*Asks:* 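Okay, handing you the structure first.
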Number of protein chains: 4
Amino acid sequence: MRHDNSPAVQRERSFIEQARRLQIADAAAEAVAELGYAKTSLARIAEKAGISKGVITYHFGSKDEILRLVATQFFDRCWQYMEPRILAEETAIGQVKVWVGSQLEYFSTHRVEFLAMAEIMTNHRGGDGTLAYAEEIAEEIDGVAEILRRGQLAGELRQFDPRSVANIILRSADGVLSSWATSPSLDLMSQSSVLLDFIEHAIRKEPS
Amino acid sequence: MRHDNSPAVQRERSFIEQARRLQIADAAAEAVAELGYAKTSLARIAEKAGISKGVITYHFGSKDEILRLVATQFFDRCWQYMEPRILAEETAIGQVKVWVGSQLEYFSTHRVEFLAMAEIMTNHRGGDGTLAYAEEIAEEIDGVAEILRRGQLAGELRQFDPRSVANIILRSADGVLSSWATSPSLDLMSQSSVLLDFIEHAIRKEPS
Amino acid sequence: MRHDNSPAVQRERSFIEQARRLQIADAAAEAVAELGYAKTSLARIAEKAGISKGVITYHFGSKDEILRLVATQFFDRCWQYMEPRILAEETAIGQVKVWVGSQLEYFSTHRVEFLAMAEIMTNHRGGDGTLAYAEEIAEEIDGVAEILRRGQLAGELRQFDPRSVANIILRSADGVLSSWATSPSLDLMSQSSVLLDFIEHAIRKEPS
Amino acid sequence: MRHDNSPAVQRERSFIEQARRLQIADAAAEAVAELGYAKTSLARIAEKAGISKGVITYHFGSKDEILRLVATQFFDRCWQYMEPRILAEETAIGQVKVWVGSQLEYFSTHRVEFLAMAEIMTNHRGGDGTLAYAEEIAEEIDGVAEILRRGQLAGELRQFDPRSVANIILRSADGVLSSWATSPSLDLMSQSSVLLDFIEHAIRKEPS
DNA sequence: GATGAATGAGTTTTCATTCAT
DNA sequence: TATGAATGAAAACTCATTCAT
């Protein structure tokens, strides 16, 4: 979830260039969310953006680069939303719950981008055929695992393997999200509270 | 997960025809697992199977049909493995844990097919653009939710919305699985026991 | 219209072989009439005949040969119907009108075969890309032209180029036929009498 | 024969785009005239035009659209040639003869396009399997029938069913044309005068 | 900066034909 | 005699990318 876009590269772009890139990225997100990763083509993105196909490869060099931007941009913004909220918590349980809860909050107000990112993350592959974004996911797991570890030391949480459970926690959020992805009418926030309750019961040390 | 392939259709096929279909389906599973859904083409499947492209459409009629077979066949076999093990349990907690645990067990010995199925389920879309297999997923959630409901009535489990939690439980299994998908060296079975422990803590009624 | 199928070749075929060939030719006629020349494939013919694709090329050697049989068979049968009726007439006008009239009569009771033949005649081409059946058409024109010539000598018909007019007469029949081809409900026989009247007025010598 | 291409759509095309479309349409007409409808493929059209296959679908979207343009363009141009000549005539017989005669005149100077149009009209089918262009043919018949009707009221023409005879007249022209189609050396204009004479005798009221 | 045009490799699918059984 | 199986060429069409203007 945490991801640093190397700002050195970005600074070289003119203002108008940046605007175009964002416009194209937005159109791409829309297209991917609607059509799915496999059926999204430059032609459809251009159509959504109301521009010609040529513009896209003029600004981006490759289709890959656009989709990468869509995903990483979403990561960054989401993390900007989450980070201060997590830091404001003091207990480990609080931090974990806010990590998951604020993420879902952010997603709930950015449905299209979320759908696009999900499609891209589960499908985008590098030249060697392996999934991209494995690193980003690992980083996020590390972050949660670190919190869990501190919670165990502080006696807040029961004993378990922190990395495994961090992974499980983050993916159980995907469960709620994937229901929401297919049924937009579903109230994500109320599902979220069921989830947070579930997680709390799963990890806290029971009062003896 | 539970799915009945209408056997009437299958029975009309000759033995050799069936063998070819399975061979092609296997090659397709391999291709999807390796290349991902978006980049799997009939040409690559044919290449994997060591046959000409024409053979595939001779036996299958459409790419869709192959991928459908790959997925549903895997569902069926997995459910055949899971069902007796679930029925052998008596408590709700036992059934839920065996549901998840036996599923992971089956997956762990059928890695390629699992990867293929996962790709297909998250990407395959019907003519209207909506994800196929939504129904299969809903059925599985219903099955787990029913167990949870009975567990609550029996006083085994604490109060929560059974469907929401069923969804969360099944998706948290996906969490473990997706780590395994990217890192085959990971010991799925030991991760599984962490997960089952996690689930048990999350749903059982605490002794007062 | 007059066409001799070399009987030498046919006599070598067994009875059952002949029956198969006719069955296939009938199915082919049906398929061509329904789908049009361009979209008729061996697969569709086999389907109509309720046999496997292989049987067709076993009996026929090539798709071309089937379609050729469909057309020539129809020619022959139609000519068997027309010939005695034409010979029974004594005047040139009578013979011409019966030529056209009896042809339309035969067609009216063999709609499917007629449609197939029409498709095949206007589309079937030899290896050099030229239309096949040019010869058959020329023969028929010669036959009518010969009658017209005799009619002129006998003072029945006015002066005109017999071959040109023979051609025009035969094609004006196509006019009526093509309406009937697209609107099967149309009464071909009443259209036929309008046509015969039209032809008679066009060629007879007016009483001075 | 009369057909209005909605000019609104065309106006949006750039000059160069239009030129390309016409070039492709010309190549398509050539290909259809030479190979016949069934054997005309995008590959052959591209070959004739000296361009790559991709260019065609870039400019046209579908094979259908090209063939439609070839046919309708020819209709439009032919009608532009015929209309003023028909309106210049005063008698019904004159109008009918000019209708047919000017059509044949136009065709005689546009042989390739005529052949292509003929192939397309007799073979092109819509999604439902029925022939396209049935409407265009009906319109032309209506036009001639209307003239005949007026000729009957004016006492110029004898009694007959105007629509049936209009159909016969137009198709008898096809007779002459189809000879010409297969034998380009044939003098179409002299055949035309035989035909016009034939038609005049067939429909005029004989002086009593 | 921007774009329309062009390309050629790639997609799925259909098809006539061959062949072993 | 019959057929299911296999093939490879060809079909229409899509697409990411390049390039001249």
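All figures in this text were calculated on a predicted structure; none of them were measured in a lab. In what follows, chains carry the letters A, B, and so on, assigned in the order in which the sequence lines appear, proteins first and then strands, with residues in each chain numbered from 1.
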*Asks:* Output the rounded distance in Å from CG (A:L42) to P (E:dG4).
*Replies:* 15 Å
*Asks:* Rounded to whole angstrom units, what separation is found between the OH atom of A:Y37 and the P atom of F:dC15?
*Replies:* 14 Å
*Asks:* Counting Watson-Crick and G-U wobble pairs whose two distances are both under 3.5 Å, find the runs of 3 or more in a row that involve DNA chain E.
*Replies:* E:2-21 with F:2-21
*Asks:* Hey, is the main chain of C:H59 close enough, under 3.5 Å, to the side chain of C:R21 for a donor-acceptor pair?
*Replies:* yes
*Asks:* The side chain of A:S41 is closest to which nucleotide in this list: F:dA12, E:dA16, F:dA16?
*Replies:* F:dA16
*Asks:* Looking only at the side chains, is there a donor atom on one of B:Q23 and B:R20 sitting less than 3.5 Å from an acceptor on the other?
*Replies:* yes
*Asks:* Can you tell me, in whole Å, how much space there is between the P of E:dG1 and that of F:dT21?
*Replies:* 22 Å
*Asks:* What I want to find out is whether C:E34 reaches C:K48 closely enough, with some N-O distance under 4.0 Å, to be called a salt bridge.
*Replies:* yes
*Asks:* Please list, in numerical order, the residues of residues 52-68 of chain A that have a heavy atom closer than 4.0 Å to any atom of DNA chain F.
*Replies:* A:K53, A:T57, A:S62, A:K63
*Asks:* Go through the structure and list residues passing ring-ring contact (aromatic ring centres under 6.0 Å, His included) with A:Y133, not counting sequence neighbours.
*Replies:* A:F75
*Asks:* Looking for any heavy atom pair under 4.0 Å, which part of the strands does D:I16 touch: base, sugar-phosphate only, or nothing?
*Replies:* sugar-phosphate
*Asks:* Assuming nearest nucleotide by heavy-atom distance, tell me which of C:I51 and D:T40 is located more 5' along DNA chain F.
*Replies:* C:I51
*Asks:* Between B:A43 and C:A38, who's closer to the 5' end of DNA chain E by nearest nucleotide?
*Replies:* B:A43
*Asks:* Are A:R20 and E:dT3 close enough that a side-chain N or O sits under 4.0 Å from OP1 or OP2?
*Replies:* yes
*Asks:* Would you call D:R68 and D:E65 a salt bridge, using N to O less than 4.0 angstrom?
*Replies:* no
*Asks:* Looking only at side chains, do C:S62 and C:D64 share a donor and an acceptor under 3.5 Å apart?
*Replies:* no
*Asks:* With DNA chain E as reference, determine whether A:F15 or B:R44 sits nearer its 5' end, using the nearest nucleotide of each.
*Replies:* A:F15
